[in-house]
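Note sheet for the following structure.
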Amino acid sequence: MYLQSTLTVARNLLGKFIVRKWRNQNIMGKIVETEAYIGPKDKASHAFRGKITKRNTAEYMTGGHIYIYLVYGMYWQLNISTNIKGKPECVLIRALEPIFPKRPKVIPNGPGKLCKFLKLNKSFYGEDLTKSKRIWLATSISSRQASSKRRENRGDRIKKSEIVVKKRIGIDYAGEWAKKPWRFYLKGNQFVSKK
DNA sequence: GTACAGATTGAG
DNA sequence: TCAATCTGTACT
């Protein structure tokens with residue numbers, strides 16, 4: 001799943017569910033927006049030119065690990081490493097559609113707010129999504145909590161025509177790379193970030 | 001030790 | 001349009 005090319009994974013993640021166990025309840029959201037970062041060639045990647053720092057080592061991990069870091073001193077960014085060990089590629093999760101709670105205080109319609117919604121912080125750095133007991137991915141949701149929207153919650157049924165491809169956000173400094181169409185989101189979904 | 005950028009956000 | 005806010009990194 002996570003070992004394929006980053007662009008493929010970024011696409012495949014759309015419509016999947018993130019489940020986060022927190023205080024005896026499962027916070028859930030459907031992924032509606034992702035971006036691909038493909039180092040070392042990608043200037044917008046933290047691993048541009050193969051740079052290895054303390055901050056970005058998780059990006060080099062084998063697919064399925066969490067790469068989380070702080071930007072602007074305030075906001076966490078949730079990434080999932082992709083491809084094999086040693087390839088600094090990852091997918092940034094930019095927005096979720098809240099499933100539970102359905103009307104959260106913080107709406108996860110942006111990468112910073114998404115981490116607030118899921119109660120994520122540095123303690124998740126390098127977490128293995130395939131093994132973790134506190135956060136994992138699901139392709140569909142069978143829980144009662146999501147039953148009212150069961151029809152929309154078929155995470156594995158995203159059609160190609162429902163995916164919009166655009167250039168990435170907030171990386172104008174990356175020149176040519178900023179124009180790459182490596183941002184994916186679900187057409188018409190109200191929780192996709194703006195700008 | 002200091003300087004400074006930064007994959008954002010919400011208020012104005 | 002713009003400032004808040006702070007960690008990691010690259011310097012001295």
* Determine: side-chain N/O of A/Thr53 to OP1/OP2 of C/dT9, distance under 4.0 Å, yes or no. => yes
* To do: Write down the distance between CG (A/Leu70) and C1' (C/dT9), rounded to a whole number of angstrom.
  => 14 Å
* **Atom-pair distance (CD1 on A/Ile52; P on C/dA10), nearest Å** => 12 Å
* To do: Decide whether A/Asn109 and A/Lys113 meet the rule of one side-chain donor and one side-chain acceptor closer than 3.5 Å.
  => yes
* To do: Find the distance A/Trp76:CH2 to B/dG6:P and express it as a whole number of Å.
  => 18 Å
* Structure fact -> Separation of B/dA7 atom C1' from A/Asn79 atom CG, nearest Å, is 8 Å
* Protein-nucleotide distance (A/Tyr67, atom OH; C/dG8, atom P), rounded to Å -> 11 Å
* Grab the OH-C1' distance between A/Tyr75 and C/dA3 for me, whole Å please. => 11 Å
* Structure fact -> Testing B/dG10, B/dA7, B/dT8 for proximity to the side chain of A/Lys113, the answer is B/dG10
* Structure fact -> Here the distance between atom P of B/dT9 and atom CG of A/Asn109, to the nearest Å, is 8 Å
* Asked: With a non-hydrogen cut-off below 4.0 angstrom, is A/Leu92 in contact with a base, only sugar-phosphate, or nothing?
  -> base
* Structure fact -> pair_partner(C/dT5), Watson-Crick or wobble, both distances < 3.5 Å, evaluates to none
* Is the side chain of A/Tyr75 donor-acceptor paired with the backbone N or O of A/Pro111 at a distance under 3.5 Å, no angle test? -> no
* **Short side-chain N/O contact to B/dT8 OP1/OP2 from A/Arg94, under 4.0 Å** => yes
* **Side chain of A/Pro111 - closest among C/dT7, B/dT9, B/dA7** => B/dT9
* Reckon A/Tyr173 has a side-chain N or O less than 4.0 Å from the OP1 or OP2 of B/dA7? -> yes
* To do: Name the nucleic acid region contacted by A/Lys122, choosing base, sugar-phosphate or nothing; use a 4.0 angstrom heavy-atom cut-off, strictly under.
  => sugar-phosphate
* Write down the distance between CZ (A/Phe117) and C1' (B/dT9), rounded to a whole number of angstrom. => 18 Å
* So, the side chain of A/Arg20 versus the backbone of A/Lys119: is there a donor-acceptor pair under 3.5 Å, distance only? -> yes
* **Geometric cation-pi criterion, A/Lys43 with A/Trp177: 6.0 Å, 45°** => no
* Answer yes or no: is there a side-chain heavy-atom contact under 4.5 Å between A/Leu120 and A/Ile66? => no
* Asked: Nearest to the side chain of A/Tyr72, which nucleotide is it out of C/dA10, B/dG10, C/dT5?
  -> C/dT5
* Structure fact -> Picking from B/dA7, C/dG8, B/dT8, the nucleotide nearest the side-chain atoms of A/Ile169 would be B/dT8
